[in-house]
Protein chains: 2
Amino acid sequence: MDKAQAVAGIGLFAGLGAKELAALAGIAEVRRFGRGEDIFFSGDPAEGFFSVASGKVRIYQTSLAGKEHIVHVFGPGEVFAEVAVFAGGVYPASAQALEAGDYLFFPRERFRRLLADDPDLALNMLGLLSMRLRQLVKKLEDLSLREVPARLAAHLLLLGAESKKKLLSLDLPKGQLAAYLGTIPETLSRVLRRFADDGLISLSGSAIEILDAGRLEALAAGTAAGTPPFGPAAR
Amino acid sequence: MDKAQAVAGIGLFAGLGAKELAALAGIAEVRRFGRGEDIFFSGDPAEGFFSVASGKVRIYQTSLAGKEHIVHVFGPGEVFAEVAVFAGGVYPASAQALEAGDYLFFPRERFRRLLADDPDLALNMLGLLSMRLRQLVKKLEDLSLREVPARLAAHLLLLGAESKKKLLSLDLPKGQLAAYLGTIPETLSRVLRRFADDGLISLSGSAIEILDAGRLEALAAGTAAGTPPFGPAAR
DNA sequence: AGCCTGCCTTGACTTACGTCAAAAACGGGG
DNA sequence: CCCCGTTTTTGACGTAAGTCAAGGCAGGCT
């Protein structure tokens with residue numbers, strides 16, 4: 001793979017000059033991870049951050065009891081673990097490749113040196129961190145004040161908005177999606193079924209079609225108590 | 001109150017020169033809020049960020065059903081809503097003064113201009129955002145993979161570590177603490193009682209003494225299933 | 001003192017969601 | 001095409017924690 005090209009495709013580096021990009025490419029190390037391979041674990045010393053050239057990573061946390069929660073999933077062009085650069089110490093969560101792919105690693109100190117000379121880069125980084133913060137606050141809200149059906153509804157609508165087609169395929173295997181929504185596969189499965197039974201969606205294999213976006217939105221917004229059990233249909 | 005002095009006491013501005021501090025004081029507007037007064041609401045256009053000169057704020061979210069979740073509580077010297085500066089749009093949560101006090105407001109655009117000329121400030125800001133991110137990730141983990149007793153135990157230990165005295169008084173009224181831990185007053189009350197019954201803490205009015213830090217730590221770390229219902233004592 | 005208002009606690013009940021276990025469904029190799 | 005491992009689904013069940021509804025226990029005010 002072409003390192004320079006990969007660097008140029010990173011959103012965080014948008015708007016930077018050719019010289020800066022070259023410098024960044026200079027300090028980046030290519031690393032390849034296979035499907036399911038661990039990139040780092042929560043608690044590992046944080047020595048730099050990564051970007052995805054190809055593939056998909058999940059950032060996740062585990063409890064001692066073995067439960068997992070997926071904080072975020074990143075794809076090509078995105079960076080992750082950038083928190084390592086400024087607040088040193090250890091990674092606050094684990095990262096694992098969901099699909100095989102190439103990643104770039106930017107070592108902390110060398111990156112900081114580039115940053116000092118490049119106000120644009122610093123600005124971009126500030127924007128990125130702010131966006132992340134915003135997302136996390138949103139996720140916190142979901143987790144603490146919304147129930148699973150509402151979270152799922154919101155996620156489906158999001159997927160629907162991204163792919164303009166009505167018929168959408170999940171971006172993650174269902175088990176992973178469950179962990180992303182802060183629940184377990186069994187519950188996800190049941191809620192999907194309930195949505196289908198109530199005519200909100202249609203399930204055909206792993207593809208999902210949104211039948212009633214309006215009701216889904218109501219569900220996503222309010223708490224489950226929009227209409228009695230769910231839809232207007234008798235139970 | 002003395003604006004210049006308040007600005008100098010802000011952690012985010014640590015290490016800046018006198019000139020920079022003066023410029024910051026120049027753009028800051030003093031605002032006073034009474035106890036319980038709203039500073040901004042989730043969804044309001046984000047036009048700048050705040051710092052606390054005196055008093056205490058809570059950053060919180062509400063569901064349509066009226067439930068509240070406290071994301072963070074800030075005291076003197078801390079800044080909040082800084083996400084507004086870089087990722088514009090609207091505030092992602094609401095802010096309310098828990099105690100009457102003076103606040104400084106830094107308008108977005110003017111602050112950005114200062115930032116452009118001041119790499120140290122940008123660096124500090126990056127550090128701050130990173131720290132926040134770290135905290136939020138931690139909170140996410142708590143909420144999604146730990147139960148209320150574990151969260152409470154962790155919080156008590158934290159309070160205990162801060163005040164070197166064994167006898168600690170809560171930093172928040174219990175109802176607020178409940179919202180901070182992602183639960184409701186009733187549940188908090190019950191769990192505290194259970195802790196007391198099991199000899200982990202002693203409750204005298206609103207003061208709490210940690211009796212068995214070891215068992216509290218075990219609780220905070222693992223899931224509730226460390227020792228059968230709770231302690232080794234029979235039920 | 002007395003009263004009121006807000007906060008905290010307690011009890012009985014409900015429920016969303018997790019656990020455990022087993023059956024289906026799926027998806028490649030061979 | 002069949003077999004095996006993984007993923008998904010379904011069912012029966014358990015439980016943490018939320019809801020609803022009374023009380024207690026302040027502390028401030030008149």
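We name chains A, B, ... by the order of the sequence lines, and we start the count at 1 in each one. Small disclaimer: the values here were computed from a predicted structure and weren't measured.
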Does OP1 or OP2 of [N] have a side-chain N or O of [X] closer than 4.0 Å?
X	N	value
A:Lys67	C:dG18	no
A:Ser189	D:dT9	yes
A:Arg193	D:dT9	no

What is the distance from [atom1] of [X] to [atom2] of [N], rounded to the nearest Å?
X	N	atom1	atom2	value
A:Arg151	C:dC17	CZ	P	7 Å
A:Leu170	C:dC26	CG	P	15 Å
B:Leu188	C:dC7	CG	C1'	12 Å
B:Arg146	C:dG18	CZ	C1'	18 Å
B:Glu147	C:dC17	CD	C1'	12 Å
A:Ile184	D:dC13	CD1	P	17 Å
B:Glu68	C:dC7	CD	P	12 Å
A:Leu143	C:dC17	CG	C1'	13 Å

Check your understanding: Quick one: which of A:Phe49, A:Phe40, A:Phe50, A:Phe80 gives a ring-ring contact (aromatic ring centres under 6.0 Å, His included) with A:Phe105?
Key ->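 Among A:Phe49, A:Phe40, A:Phe50, A:Phe80, the one meeting ring-ring contact (aromatic ring centres under 6.0 Å, His included) with A:Phe105 is A:Phe50.
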Please examine the side chains of B:Val57 and B:Ile39, heavy atoms only from C-beta on, and report whether any two atoms are closer than 4.5 Å.
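When only atoms from C-beta onward are counted, B:Val57 and B:Ile39 do touch, with a gap below 4.5 Å.
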Please pick, from [options], the nucleotide with the shortest atom-to-atom distance to any side-chain atom of [X].
X	options	result
B:Lys174	C:dC8, C:dG18, C:dC17	C:dC8
A:Glu186	C:dT19, C:dT10, C:dC8	C:dT19
B:Thr187	D:dA17, C:dC17, C:dT10	D:dA17

With a 4.0 Å cut-off on heavy atoms, is [X] in touch with a base, just the backbone sugar-phosphate, or nothing at all?
X	answer
B:Arg190	base
B:Thr183	sugar-phosphate
B:Gly36	nothing

So, are A:Glu29 and A:Arg31 salt-bridged, with charged N and O less than 4.0 Å apart?
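Answer for the salt bridge query: yes.
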Discussion item. Between B:Arg194 and B:Asp198, does any side-chain N to carboxylate O distance fall below 4.0 Å?
Written reply: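 No, this pair does not count.
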- Sub-6.0 Å ring centroid separation between B:Phe33 and B:Tyr103: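 Between B:Tyr103 and B:Phe33, which both carry aromatic rings, the centre distance is below 6.0 Å.
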